[in-house]
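Throughout, numbering of the chain's residues begins at 1 and tracks the sequence.
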Amino acid sequence: MLNDKKILFSGMQATGSLTLGNYLGALKNWLALNDDYECFYCVVDLHSITIRQDPSELRKRARDLLTLYIAAGLDPVKNCIYFQSHVPGHAELSWILNCFTYMGELNRMTQFKDKAQKHADNINAGLFTYPVLMASDILLYQADIVPVGVDQKQHLEITRTIAQRFNAIYGDVFTVPEGYFGKNSAKIMSLQDPSKKMSKSDENPNASIYLLDDEATIRRKFKRAVTDSVAKIAYDDAQPGVKNLLDIYCASTGKDIKDALGEFEGQGYGVLKDAVSDAVCALIIPLQERFNELKKDKEYIDSVIKENAQRAYYASEKTLRKVKKKVGFPEKIK
Ligand code: ATP
Ligand code: LTN
């Protein structure tokens, strides 16, 4: 890796299958920024267990997610693609930074409130300190930029707060990162309830397009997508279903809303849905083909996992050594 480049860090959870929302909101930006930064793309499996997981499912999903990163076009030689649980520094730094984060700050996190409501029977301490682990991921690699969906803005803010607080006490230890939310800050909404974001943990499979859905399923889900009875294609908050379809269309084709509205003028919702299906299929069917090929090559994926965990480990230890020294832990005797 070249050392004069700025550093990019991002990650996704291995909970559920990736959706079109994950692709258009996050992965697509990763690909766009890929050449200009030294990049770390993490499968954040430590975060996953804040919600109860089936162990064999989690293992499989985590590996599939890492494979999907590569299938989407991220080169594992140019980029460091690895599992969070393979690098102990994430958990270590997280403990330290827990001691620099206030309960009041964590109490304000909307993701915590949402997840606590959804999983009322398992409001564990990990769910509460989730943002501190996320801050640790980012700060461990001295990341300059963090491309995420807009739903993660609050977590980025708390990361910056923690970094600034630590730096104010101990000197310049951490790079204070910037969030990157993409040009049109795509937030893809549920196809069944366009007031909610499309989420991989949604119970209704018709609400989300999964990146591994086959073509017939994708077309069927778009056909069933909730619209309205206005019967006019407009980009309007009063028509959230249609607005979402237009957003998906534009994010998938790179067109802007004005052009899209021109294209669909006077057309019915059926035409829009077909066009959205075409655009999405053109984007994700080739990705699926690469994914299925890569998945067969167990040895190759194993070698990526092994080599990149080592690379991440070396990078993380550099920061961690500094942090431990600053806070006053005794040096190891060699
Ligand atoms: P869950 O629903 O299980 O909480 P998720 O689908 O939100 O998961 P994450 O792993 O939390 O997925 O997020 C991975 C990345 O995808 C993040 O950068 C997040 O902002 C982005 N993302 C997730 N859903 C959407 C969406 N509907 N629109 C845009 N970006 C999204
Ligand atoms: N909370 C993030 C996933 C995540 C992440 C990170 C993203 C965990 N650690 C570090 C960027 C950088 C989410 O997308 N739900």
Side-chain angles (χ1 to χ4, degrees), residues 8 10-14 16-37 39 41-43 60-81 147-149 182-184 186-188 191 198-200 205-225 244-256 259-260 263 271-305 308:
L8 178 154
S10 199
M12 284 197 205
Q13 294 197 68
S17 307
L18 282 206
T19 69
L20 187 62
N22 298 126
Y23 185 85
L24 297 177
L27 255 179
K28 205 172 127 239
N29 288 331
W30 295 8
L31 289 163
L33 296 169
N34 194 238
D35 287 336
D36 300 331
Y37 292 86
C39 303
Y41 297 113
C42 187
V43 172
K60 180 181 163 297
R61 281 186 172 149
R63 190 174 167 108
D64 279 357
L65 182 53
L66 184 133
T67 308
L68 209 57
Y69 285 0
I70 304 171
L74 299 170
D75 175 352
V77 174
K78 268 175 45 196
N79 309 286
C80 188
I81 296 177
V148 278
K183 255 196 277 154
N184 351 321
K187 184 169 181 188
I188 307 302
L191 297 184
M198 185 182 285
S199 153
K200 52 181 146 65
N206 288 324
S208 308
I209 302 287
Y210 298 108
L211 290 187
L212 299 177
D213 275 346
D214 60 34
E215 183 161 350
T217 308
I218 294 172
R219 291 186 183 278
R220 179 172 46 76
K221 287 183 179 177
F222 277 122
K223 276 212 170 73
R224 286 192 191 165
N244 189 35
L245 289 174
L246 285 167
D247 275 334
I248 295 174
Y249 182 72
C250 290
S252 303
T253 55
K255 294 182 181 166
D256 61 30
D259 291 342
E263 216 174 291
V271 172
L272 173 63
K273 287 177 169 183
D274 282 344
V276 176
S277 301
D278 290 344
V280 168
C281 287
L283 202 65
I284 68 180
I285 302 296
L287 183 148
Q288 292 178 2
E289 285 163 5
R290 284 194 298 275
F291 173 79
N292 290 326
E293 276 309 303
L294 279 167
K295 217 175 133 112
K296 284 189 230 151
D297 198 345
K298 186 172 176 306
E299 238 173 87
Y300 170 68
I301 298 293
D302 282 349
S303 73
V304 167
I305 292 173
N308 282 315

Taking the side chain as every heavy atom from C-beta outward, state whether [X] and [Y] have any atom pair closer than 4.5 Å.
X: Asp297; Y: Glu299; value: yes
X: Tyr41; Y: Asn34; value: yes
X: Asp274; Y: Phe222; value: no
X: Ile209; Y: Ile248; value: no
X: Tyr300; Y: Leu294; value: yes
X: Ser252; Y: Val276; value: no

[X] [atom1] to [Y] [atom2] distance, which is reported to the nearest 0.5 Å:
X: Leu212; Y: Asn292; atom1: CG; atom2: CG; answer: 7.5 Å
X: Leu74; Y: Cys39; atom1: CG; atom2: SG; answer: 8.0 Å
X: Leu283; Y: Gln288; atom1: CG; atom2: CD; answer: 10.5 Å
X: Lys187; Y: Asp247; atom1: NZ; atom2: CG; answer: 11.5 Å
X: Met12; Y: Leu66; atom1: CE; atom2: CG; answer: 12.0 Å
X: Leu68; Y: Arg290; atom1: CG; atom2: CZ; answer: 10.0 Å

Determine the minimum heavy-atom distance between [X] and [Y], stating which atoms define it.
X: Ser17; Y: Lys200; value: O-CB, 3.0 Å
X: Arg63; Y: Lys298; value: NH2-O, 3.4 Å
X: Ser199; Y: Ser208; value: O-OG, 3.3 Å
X: Gly73; Y: Leu31; value: C-CD2, 3.7 Å
X: Glu215; Y: Cys281; value: CG-SG, 3.6 Å
X: Leu191; Y: Asn206; value: CB-O, 3.7 Å

Main chain of [Y], side chain of [X]: is a donor-acceptor contact present, judged purely on distance under 3.5 Å?
X: Asn79; Y: Ile81; value: no
X: Lys221; Y: Asp213; value: no
X: Lys295; Y: Thr67; value: no

Give the intermediate values and the outcome of side chain to side chain contact (heavy atoms under 4.5 Å, CB included) for residues Leu20 and Ile218.
-> CA-CA 10 Å; Leu20 187 62; Ile218 294 172; over 6 Å; no

Should the pair Asp278-Arg219 be classified as a salt bridge under the 4.0 Å nitrogen-to-oxygen rule?
-> yes

Take Asp35 and Lys78 through the test side chain to side chain contact (heavy atoms under 4.5 Å, CB included) and record every step on the way to the result.
-> CA-CA 9 Å; Asp35 287 336; Lys78 268 175 45 196; 2.9 Å; yes

For Asp214, all residues meeting side chain to side chain contact (heavy atoms under 4.5 Å, CB included), sequence neighbours excluded | Ala216, Thr217

Results of ring pair (Phe, Tyr, Trp, His ring centres under 6.0 Å) for Tyr69 - residues two or more places apart only | Trp30

Scan side-chain atoms only and decide if Asn22 and Thr19 contain a donor-acceptor pair under the 3.5 Å cut-off.
-> yes

